[in-house]
Amino acid sequence: MSVDVQQLEGRKAMMGLIRRDLKLAFRTPGQSLNPVVFYLMVASLFPLGIAPERETLSQLAGGIVWIGALLAVLLSLDSLFKGDNDDGSLDQLLLSPHPLPLLVLGKVIAHWLTTGVALIVMAPVLALMLHLPERAFPALMASLLLGTPLMSLAGGIGAALTVRVQRSGVLITLLSLPLYIPVLIFGTGAVQSAVDGMGYAGHLLWLGAFLVMGLCLAPIAIAAALRIVVDG
Amino acid sequence: MLEVVQLRCERDDRVLFSELSMKLSLGELLQIEGANGSGKTTLLRILAGLSGDFQGNIFWKEKKLSSMYADFRLSTFYFGHKPAVKAELTPVENIRWRASLRNESPSEDRIFSALEQVNLAGFEEVACGHLSAGQHRRVALADLSISVSPLWILDEPFTAIDVHGVAWLETVLAKHVKEGGMVIITSHQSLSDISGTVRKVKLDDFAGGFLEDEFDDEMDSGAFL
């Protein structure tokens with residue numbers, strides 16, 4: 001290959017892409033606020049629907065916060081590559097000399113910064129509302145910190161595969177949910193262990209291992225999916 | 001530099017073109033002509049490496065394109081139907097991210113002078129959402145005039161551009177070709193101003209027909225040939 005790898009500033013392009021997507025998110029705040037509002041609604045409906053008693057809620061709180069976060073991420077995935085596909089930016093992305101997985105990773109990081117981080121910030125408020133015992137807060141925050149980027153990465157694969165599909169919401173959910181189940185199990189598992197006063201390091205380590213795996217493999221899968229979909 | 005050998009492409013049981021061979025060297029402009037639906041955009045997407053659904057070979061610098069993608073993409077500017085301009089960003093910001101994807105980082109002055117050339121002076125800090133469709137394409141064309149890529153693949157660049165813009169774009173193309181660049185362009189407009197260097201490929205000459213028998217009648221009448 002005749003390209004001098006040194007002259008390619010892939011990381012700069014990735015950072016540029018992250019900055020661009022953050023700018024887009026800040027200038028159209030509605031899109032990134034949607035999942036957060038949805039999150040708040042889901043979590044606040046549970047006490048009304050099940051029981052407002054402290055004992056019941058504190059048992060369920062971890063699961064509710066986690067499921068709410070998961071659904072909110074699913075809701076936001078649709079827009080991950082759609083906008084770029086609609087205005088032709090996706091072609092420019094695919095034709096860049098930089099490694100596509102790197103650029104795609106930039107997009108996923110920007111997605112996490114605009115949705116995942118907001119969900120993490122909201123989580124303690126919701127947990128308080130749902131009477132999660134105080135000793136479980138560190139577990140909740142740590143598990144979400146590891147889990148939300150993982151959900152952005154895994155969901156990116158579904159978003160990439162459905163980028164040319166009209167109204168792809170349900171399809172993305174179907175594609176992403178199997179990948180989300182282990183994350184949910186270990187995430188809520190960590191919180192539940194903490195509620196019961198047991199150690200939760202094991203759950204977090206599993207989440208960490210998944211995250212490392214996702215960081216390595218998901219960008220490659222997303223890049224391949226985009227190339228296949230745009231080819232058609 | 002870019003060579004296409006015996007290219008054949010089918011879409012939906014229709015042969016868009018077959019036995020298409022052509023060559024593009026430095027300092028040449030290739031205009032691809034054809035009726036609507038004759039596969040001009042498909043051909044450009046194949047040449048740009050966006051589509052792999054074809055038979056035949058494409059060579060870049062005497063090597064197979066599939067083994068030269070990094071070098072090829074570093075040397076290529078693709079201008080598609082959609083201008084790839086973000087409505088929420090200003091023209092300057094749009095050119096920035098587009099250039100950084102091509103591994104270029106043009107200076108502020110360079111961007112401003114390019115925007116001035118496409119009649120967007122004064123709009124530098126206005127979000128593109130407030131601009132018209134033609135102005136969106138002008139932002140992308142300003143980016144084109146900045147780019148240092150030798151090979152330009154332009155799909156209908158004159159669409160939605162006014163008379164002055166067309167004249168300006170023709171001089172930009174002429175200058176690029178004169179400096180040893182390469183251009184592949186689809187356009188229904190005849191490129192009169194660029195003298196001597198324009199070569200034309202009429203896609204209709206390479207068109208096949210429908211693959212299925214029931215369309216034989218139409219083929220005989222020449223409707224699809």
Side-chain angles (χ1 to χ4, degrees), chain A residues 1-32 79 82-104 106-107 110 114 164 223-224 226-232, chain B residues 11-12 41-42 44-54 60-63 67-90 93-105 127-129 133 136-137 139-140 143 147 149 151 153 155:
Chain A
M1 200 148 321
S2 59
V3 171
D4 181 5
V5 179
Q6 295 295 314
Q7 74 184 29
L8 279 178
E9 293 171 307
R11 199 179 307 158
K12 204 173 141 196
M14 182 177 93
M15 297 307 290
L17 211 51
I18 295 176
R19 242 193 328 267
R20 184 200 80 173
D21 278 9
L22 289 182
K23 260 187 210 158
L24 291 176
F26 281 120
R27 289 187 193 170
T28 47
Q31 197 142 36
S32 29
S79 60
K82 268 269 156 67
D84 280 345
N85 180 53
D86 291 345
D87 63 19
S89 308
L90 193 59
D91 287 343
Q92 300 293 331
L93 219 64
L94 296 183
L95 290 172
S96 168
H98 303 298
L100 188 56
L102 198 65
L103 301 177
V104 160
K107 286 216 51 106
T114 50
R164 289 267 161 107
L226 285 176
R227 287 222 189 276
I228 292 168
V229 171
V230 170
D231 193 341
Chain B
R11 287 287 186 279
D12 306 322
T41 296
T42 308
L44 288 201
R45 288 182 78 83
I46 288 172
L47 291 180
L50 279 172
S51 173
D53 188 9
F54 62 91
W60 172 250
K61 293 181 178 168
E62 269 90 53
K63 293 200 187 92
S67 67
M68 296 287 288
Y69 269 138
D71 181 74
F72 176 75
R73 287 181 180 140
L74 196 58
S75 327
T76 309
F77 184 102
Y78 176 80
F79 182 93
H81 277 262
K82 299 172 191 159
V85 168
K86 290 278 174 199
E88 295 88 347
L89 301 180
T90 67
E93 289 166 334
N94 268 308
I95 290 179
R96 278 260 156 70
W97 75 258
R98 289 173 58 110
S100 85
L101 281 186
R102 290 196 311 275
N103 204 41
E104 293 171 21
S105 39
C128 286
H136 278 205
R137 296 181 74 82
V139 173
D143 187 33
S147 105
S149 313
L151 173 62
I153 299 179
D155 195 358

S.K.: Could you state the interatomic distance from OG (B:S51) to CG (A:L94), rounded to the nearest 0.5 Å?
M.R.: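 B:S51 atom OG to A:L94 atom CG measures 11.5 Å (nearest 0.5 Å).
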S.K.: Which bit of A:D84 comes within less than 4.5 Å of chain B, counting heavy atoms only: side chain, backbone, both or neither?
M.R.: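 Both backbone and side chain of A:D84 come within 4.5 Å of chain B.
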S.K.: Look only at the side chain of A:Q92 and the backbone of B:Y78, and say whether a donor-acceptor pair between them is shorter than 3.5 Å.
M.R.: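 Here the side-chain-to-backbone pair exists.
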S.K.: With heavy-atom distances below 4.5 Å as the criterion, would you say the side chains of B:T76 and A:L95 are in contact?
M.R.: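 Heavy-atom side-chain distance check fails, nothing below 4.5 Å.
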S.K.: Taking 4.0 angstrom as the limit, do B:K82 and A:D91 come out as a salt bridge?
M.R.: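 No, no charged N to carboxylate O under 4.0 Å.
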S.K.: If I measure from the heavy atoms of chain B, does A:L93 come under 4.5 Å with its side chain, its backbone, both, or neither?
M.R.: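 Both backbone and side chain of A:L93 come within 4.5 Å of chain B.
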S.K.: Is B:R96 close to chain A through its backbone or its side chain, or both, or neither, when contacts mean heavy atoms under 4.5 Å?
M.R.: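 For B:R96, no heavy atom lies under 4.5 Å from chain A.
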S.K.: What I'd like to find out is whether the side chain of A:S89 reaches to under 4.5 Å of the side chain of B:K86, using heavy atoms alone.
M.R.: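 SC-SC contact between A:S89 and B:K86 confirmed.
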S.K.: Could you measure the distance from the OH atom of B:Y69 to the CG atom of A:L100? Nearest 0.5 Å is fine.
M.R.: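 The distance works out to 12.5 Å.
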S.K.: Hey, what do you get for CG (B:D53) to CG (A:D231), rounding to the nearest 0.5 Å?
M.R.: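 If we round to the nearest 0.5 Å, B:D53:CG and A:D231:CG are 6.0 Å apart.
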S.K.: More than 12 heavy atoms of other residues, nucleotides or ligands under 6.0 Å from CD of A:Q31: yes or no?
M.R.: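 12 or below, so no.
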S.K.: Of all the heavy-atom pairs spanning B:N103 and A:P97, show the shortest one and how long it is.
M.R.: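 Heavy-atom minimum between the residues: CB-CG, 4.5 Å.
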S.K.: Sort out for me which of B:R102, B:R98, B:R45 touches chain A most, counting heavy-atom pairs under 4.5 Å.
M.R.: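 Maximum pair count with chain A is reached by B:R45.
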S.K.: Between A:R19, A:R27, A:R20, which is the residue that forms a salt bridge (charged side-chain N to carboxylate O under 4.0 Å, His left out) with B:E93?
M.R.: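 Answer after filtering A:R19, A:R27, A:R20: A:R27.
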S.K.: Please identify, among A:R227, A:K12, A:H98, the residue contributing the most non-hydrogen atom pairs under 4.5 Å to chain B.
M.R.: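 The answer is A:H98.
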